Engineer: 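I'd like to ask you about the structure that follows.
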Amino acid sequence: MASILTKPELQAILEFTIPLARKAGALILEGSEAIRASGAMDEKKNSVDLVTEYDVRVEELVKRELSAQYPSFKFIGEESYAAGARTILTDEPTFCVDPIDGTTNFIHGFPAVCISIGLISGQRPVLGVIYNPFLDQLYSAVKGDGAFLAQGGRTPARLPLAKPRLLPSLSQGLLGIEWGSDRSADMVNHKGESFKRLAGNPAEGVVGGRMAHSLRSLGSAALNFGMVAQGGLDLYWEIGCWPWDICAGSIIAQEAGCLVAGSHNDPLDNDVNQAILEGRKYIVIRAIGDSETEKGVDAQKRLIKDFYETVDDFEPK
């Protein structure tokens with residue numbers, strides 16, 4: 001296959017990847033059952049060992065089958081990266097995989113856990129599959145062909161699930177946020193102050209408060225992207241993730257009419273290039289309908305700018 005993949009090639013890869021994601025999902029469920037059976041949920045070392053075991057097993061399964069079917073494609077995976085493997089992103093097709101996104105949920109049996117399989121071509125995501133086996137939710141997208149959600153055996157539904165609504169301001173928004181794994185004082189202070197301003201009432205003493213409808217944490221970057229794509233969340237912001245956390249989700253979101261961007265200083269051009277993928281600062285806002293006075297894309301950009309004026313900017317560890 002050429003380095004720039006055609007639509008028929010991408011569709012063929014999608015048809016291969018979806019059953020693979022479901023196969024990986026079955027292994028994730030097996031791991032969840034193993035954690036429950038071990039009684040290790042309150043024994044941190046044992047539960048972490050089981051998570052690592054199934055993280056590795058799922059990634060090995062996915063990498064083995066993808067490599068057999070597409071031997072010339074490169075591979076970036078969370079566990080491979082943790083083990084020291086480094087893949088330099090080029091124009092060549094590259095799979096980008098998070099074997100178990102939502103590991104804390106996985107330990108606790110909270111059903112927001114998924115396998116995330118993205119494909120990068122020309123240094124940009126062009127295909128994404130996210131599968132949550134606990135809820136049998138499968139998000140998928142190929143560049144230029146729209147995004148879909150299949151759930152419970154029903155016919156896949158195009159995303160967003162409803163006609164894009166207006167979003168006049170952040171105060172009408174349901175916003176996705178995460179604490180992340182870094183709980184250092186500096187990180188917690190930055191995020192805590194940011195969350196306070198997003199949720200707080202300026203009329204009752206919260207300086208710079210936006211008084212959003214509420215804040216939500218699913219505990220999975222990939223599923224947060226999926227929820228924005230379907231329209232259940234209005235916006236999701238994260239600092240500290242990695243490319244495998246957001247690769248599949250970004251193309252699913254883009255194909256659902258979302259705007260995906262990086263840090264405060266990055267352009268709002270919806271171009272998820274290498275700098276955005278590897279920047280570890282991400283924001284995605286749902287599709288917004290046109291009003292009489294403002295195009296939806298202009299509303300997306302305005303709200304992201306307002307959001308970034310509200311929250312702290314800081315460097316992840």
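Numbers for residues simply follow the sequence, beginning at 1. As the structure is a prediction and not an experimental result, all values here were calculated from the model.
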Engineer: List the atom pairs, donor and acceptor, that lie under 3.5 Å between side-chain atoms in residues 10-23 and the rest of the protein, sequence neighbours left out.
Structural biologist:
unit_1 : atom_1 : unit_2 : atom_2 : d
Q11    : NE2    : D145   : OD2    : 2.9
T17    : OG1    : I13    : O      : 2.6
R22    : NH1    : D136   : OD1    : 3.0
K23    : NZ     : E65    : OE2    : 2.6

Engineer: What is the minimum heavy-atom distance between W179 and K191, and which atoms define it?
Structural biologist: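 Shortest heavy-atom contact: O-NZ, 3.0 Å.
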Engineer: Is it true that E60 and R57 make a salt bridge, defined as a side-chain N closer than 4.0 Å to a carboxylate O?
Structural biologist: no
Engineer: If I take atom SG from residue C258 and atom CD1 from residue I251, how far apart are they, to the nearest 0.5 angstrom?
Structural biologist: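 Output value for this atom pair is 11.0 Å.
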Engineer: Taking the basic N atoms (NZ, or NE/NH1/NH2) and the acidic carboxylate oxygens, is any pair closer than 4.0 Å for D266 and K281?
Structural biologist: no
Engineer: Please round to the nearest 0.5 Å and tell me the distance separating atom CG of D234 and atom CZ of R216.
Structural biologist: 11.0 Å
Engineer: How close do I115 and A24 get, heavy atom to heavy atom, and via which atoms?
Structural biologist: CG1-CB, 4.1 Å
Engineer: Which of parallel (below 30°), tilted (30 to 60°) and perpendicular (above 60°) describes F73 and F95?
Structural biologist: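 Ring orientation of F73 relative to F95: tilted.
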Engineer: The test is side-chain hydrogen bond (donor to acceptor under 3.5 Å, both in side chains); show your working for D55 and T52 and say whether it passes.
Structural biologist: CA-CA 5 Å; D55 248 333; T52 301; 5.9 Å; no
Engineer: What pairs of donor and acceptor atoms, side-chain ones from residues 157-173 against any protein atom, are under 3.5 angstrom apart with sequence neighbours left out?
Structural biologist:
unit_1 : atom_1 : unit_2 : atom_2 : d
S169   : OG     : S171   : N      : 3.3
S169   : OG     : S171   : OG     : 2.6
S169   : OG     : Q172   : OE1    : 2.8
Q172   : OE1    : S169   : N      : 3.1

Engineer: Work out which heavy atom in Y282 is nearest to a heavy atom in P243; give both atom names and the distance.
Structural biologist: OH-N, 3.8 Å
Engineer: Evaluate the side-chain hydrogen bond (donor to acceptor under 3.5 Å, both in side chains) criterion for residues N224 and E238: first the C-alpha distance (whole Å), next the side-chain angles of each, then the deciding distance (0.1 Å), finally the verdict.
Structural biologist: CA-CA 10 Å; N224 281 322; E238 178 74 285; 5.8 Å; no
Engineer: Roughly how far, to the nearest 0.5 Å, is CD of E78 from CH2 of W242?
Structural biologist: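 Taking CH2 in W242 and CD in E78, the distance rounds to 10.0 Å.
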Engineer: Would you say the side-chain atoms of N265 and S263 include a donor-acceptor pair closer than 3.5 Å?
Structural biologist: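 Per modelled atom types, N265 and S263 side chains form no pair under 3.5 Å.
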